[in-house]
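Protein chains get the first letters and strands the later ones, always in sequence-line order, with residue 1 at the start of each.
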Amino acid sequence: MTISGEKNIADLQSRVHELENQLNSLKKSHEDAIGYIRDKINQLLHVMGTLPLKPEELDDKTLIQLDPIGIIAESFAQILRHHRKTNEELALARDELAAILDSTGAGILVVDRERRLQAFNPRARDLLCHAGTCWEGDPIGQDFHAVICPPQETLETCIFTKVLATRQVAEQIDSFRKNNYLQVIGSPILTETGDVKLVVLAYIDVTERLQTEEALRESENRHKLLSAQLKAVFDGIKDPLFLIDKDKTIILKNEAADEMMSGSPQPEGISICDAMLPGDDPCQESGIIDECFRTKSPQGMRWISPQDRSIDVQIFPVESGFGTVSHAVVAMKDVTDQVLLQEETLRASQLAALGELAAGVAHEINNPINGIINYAQILVNISAADSRTAEVADRILHEGDRIADIVTHLLNFARPDKNKRVPVPIKELFDNALALIGTMLTKDSIRYHVDIEPNLPPVLCNPQKTEQVLLNLLTNARYALNEKYVGPADNKKITMSAKRTDGGTLCIQVRDEGTGISELNLARIFTPFFSTKPAGKGTGLGLSISKRIIEELDGTLKIDSKQGDYTCVTIELPAYRAGQR
Amino acid sequence: MSVTRETICIDIRGQICPAALLMALKATNEHKISLEQGRLCLEILTDNRDATVTIPEAVRNMGYNVDVQKAARHYRIVIF
């Protein structure tokens with residue numbers, strides 16, 4: 001080997017050594033690079049929330065092929081894009097929320113658990129400051145305890161404390177100063193673990209509403225009181241009153257109206273005409289209700305009810321405030337008794353005048369009749385006993401006596417002392433009545449028969465009034481018989497009887513076999529002004545007055561009748577006991 | 001009106017978590033446009049329990065919906 005060959009070998013060895021060193025250096029560098037890559041991949045995986053890669057899981061070659069950094073970088077790009085989008089949406093939502101908060105009528109505060117203000121809207125500042133709980137400067141982050149809770153804070157008084165404790169929505173009325181009321185609704189915002197993170201407080205000024213409600217309540221109470229007073233007054237009026245609308249529907253009625261309608265319970269909202277006047281509709285016929293609504297002036301009428309009662313009906317308009325008549329008050333007053341009294345007064349005054357006239361005539365007749373009787377007696381005295389003159393004079397004497405008798409009865413009947421009760425033999429009552437009407441009965445071929453039980457005590461009565469009743473009954477009997485029989489007939493008769501009852505009273509009966517009375521008319525026989533006689537023949541007052549006279553004398557008057565057959569009037573009066581006045 | 005989605009199934013059973021997550025993310029990245037347009041859903045089959053937490057969390061952060069279902073011997077993670 002040459003020196004140059006040896007040198008070359010040495011150079012090569014040196015070069016190999018150098019290359020080995022370079023290779024080792026490169027290997028080290030490669031391992032460092034792979035280690036760095038694995039380290040960074042693990043760092044990224046950690047950020048992704050997962051475990052580090054184990055070398056045995058992926059060899060270096062597969063690792064490079066898989067390109068985890070590229071994958072994660074791309075994923076991060078997507079994450080960033082998604083977050084950007086989310087942020088944009090959140091920003092928009094925040095702006096929307098801010099706009100809603102600013103434009104809402106409610107004042108809104110958002111406070112954290114430590115009562116530090118996190119958000120608010122301008123309305124909250126205005127409302128709370130007006131309510132007396134103001135703040136100054138930048139309030140965000142400030143302790144708002146004094147603003148949201150009253151000085152004496154309790155679970156009941158501070159809504160914030162309540163929401164914090166219950167973790168539920170709460171609502172109450174806060175008043176920080178007199179005559180100012182805030183309705184506040186507290187809502188919790190909870191963390192994932194269910195703790196209260198924030199409390200949202202929404203305030204609404206309800207001062208005006210509460211004051212209005214209070215005023216309304218007071219007005220309602222006043223209205224109720226007024227209504228009760230009105231009802232008391234309404235019901236206190238003893239005549240039927242109705243409030244009706246334009247359709248004549250009953251809106252309101254008093255107790256007297258209820259009584260008037262009782263016996264036929266009426267549903268609500270019925271027409272006054274249907275309720276009051278079945279089958280007989282004066283308000284429709286007369287049209288006075290319509291007239292009242294039309295003319296806006298009160299209307300009135302006298303109405304004879306189906307029960308023959310005289311009712312004064314007055315209709316008063318109720319104006320609605322817009323110049324129209326919305327309702328009407330119908331006032332009814334039963335004036336039957338008043339009308340009856342007027343009729344009776346008139347009749348009594350007529351009778352009194354007639355009585356005075358009769359008494360005057362009777363007195364005037366007494367003088368000439370005494371003369372006639374005296375002259376007749378002279379004729380009797382001077383005539384031969386069986387002569388024609390004596391017979392005629394005797395008849396004159398007899399008839400003259402009869403005239404004198406009638407005149408005496410007339411005078412007695414017209415005597416003004418009509419209220420005194422005295423014991424009177426029943427026969428005397430019958431005789432006196434017959435003395436006035438007997439001739440007329442005979443003239444009409446009516447036979448009459450008097451049947452008085454022996455040893456009857458006198459009846460305790462007012463003879464004039466009782467005779468008036470008997471005269472009335474006999475007049476009715478005569479009318480009924482004349483209606484049934486034009487001429488004489490076997491049954492054309494009246495029976496007058498008197499007997500003692502089991503109860504110790506005296507029973508007087510007047511019975512005729514005349515036309516009788518139908519059942520329908522019998523039910524109405526004592527109704528004043530009810531009469532079956534043609535106009536001018538009867539007033540319809542006779543029986544009603546007779547019944548009243550007998551009842552005033554503590555007696556009773558009843559009528560039994562069969563149509564076409566008979567009529568029997570029974571009067572019971574107290575008997576006179578010795579010493580009784 | 002619901003759009004019928006195409007389903008691509010990726011079976012990474014046998015892979016443990018970091019690799020499983022990387023496989024799932026790789027597939028999601030590859031199909032991100034179809035996923036965002038709602039035309040596709042990815043069905044990942046895995047038997048690694050950790051992956052049922054890491055994969056859904058990662059893809060949710062990326063803005064996708066995830067549904068994890070338990071099958072007999074593995075899990076189905078549906079990304080849509």
Visitor: Should we say atom CD of A/E208 is surrounded by more than 12 heavy atoms from elsewhere, each under 6.0 Å from it?
Guide: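 Not buried by this count: 12 neighbours or fewer within 6.0 Å.
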Visitor: Name, in order of residue number, those residues of residues 52-71 of chain B that have a heavy atom at a distance of less than 4.5 Å from a heavy atom in chain A; otherwise write 'none'.
Guide: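 At a heavy-atom separation under 4.5 Å, chain A is reached by B/T54, B/A58, B/R60, B/N61, B/M62, B/G63, B/Y64.
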Visitor: If I compare all heavy atoms of B/P18 with all of A/P52, which pair ends up nearest, and what's the gap?
Guide: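 It is CG-O, 3.5 Å.
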Visitor: Taking the side chain as every heavy atom from C-beta outward, state whether A/R81 and B/E36 have any atom pair closer than 4.5 Å.
Guide: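 The answer is yes; the side chains approach within 4.5 Å.
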Visitor: Mind checking side chain to side chain donor-acceptor pair (under 3.5 Å) for B/R73 and listing every partner two or more places apart, or none if nothing turns up?
Guide: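 B/R73: no side chain to side chain donor-acceptor pair (under 3.5 Å) contacts found.
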Visitor: Which atom pair, heavy atoms only, marks the closest approach of A/L53 to B/A19?
Guide: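 For A/L53 versus B/A19, the nearest heavy atoms are CD2-N, 4.2 Å.
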Visitor: Identify every side-chain donor-acceptor pair in residues 90-106 of chain A under 3.5 Å, counting partners at least two apart or on other chains, and give the distances.
Guide:
| residue | atom | partner | partner atom | Å |
| --- | --- | --- | --- | --- |
| A/S103 | OG | A/A99 | O | 2.8 |
| A/S103 | OG | A/I100 | O | 3.3 |
| A/T104 | OG1 | A/A106 | N | 3.4 |

Visitor: Please name the pair of heavy atoms, one in A/P68 and one in B/L22, separated by the smallest distance, quoted to 0.1 Å.
Guide: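 Nearest pair, atom of A/P68 first, then B/L22: CB-CD1, 3.7 Å.
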Visitor: If you count every heavy atom of other residues, nucleotides or ligands that lies below 6.0 Å from A/H46 atom NE2, does the total exceed 12?
Guide: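 No.
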Visitor: Return the OG1 to CG distance between A/T50 and B/N48, rounded to the nearest 0.5 Å.
Guide: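 Reported value, rounded in 0.5 Å steps: 8.0 Å.
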Visitor: Only heavy atoms, only distances under 4.5 angstrom. Which residues in residues 10-19 of chain A are near chain B?
Guide: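 If one takes a 4.5 Å heavy-atom cut-off, no residue of residues 10-19 of chain A lies near chain B.
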Visitor: Might you work through the side-chain contact (heavy atoms from CB on, under 4.5 Å) test for A/S75 and B/N29, ending with a clear yes or no?
Guide: CA-CA 7 Å; A/S75 295; B/N29 291 342; 3.4 Å; yes
Visitor: With chain B as the partner, which of A/L51, A/N42, A/I71 has the greatest number of non-hydrogen pairs under 4.5 Å?
Guide: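 The residue among A/L51, A/N42, A/I71 with the greatest pair count is A/I71.
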Visitor: Does the distance from a Lys or Arg side-chain N to an Asp or Glu carboxylate O, for B/K32 and A/E74, drop under 4.0 Å?
Guide: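 Salt bridge between B/K32 and A/E74, a charged N being under 4.0 Å from a carboxylate O: yes.
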Visitor: In this structure, are over 12 heavy atoms from other groups packed under 6.0 Å from B/Q37 atom CD?
Guide: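 Buried by this count: over 12 neighbours within 6.0 Å.
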Visitor: Give a yes or no on this: more than 12 heavy atoms of other residues, nucleotides or ligands lie within 6.0 Å of atom CE of B/M23.
Guide: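 No - once you tally the heavy atoms of other residues, nucleotides and ligands closer than 6.0 Å, there are 12 at most.
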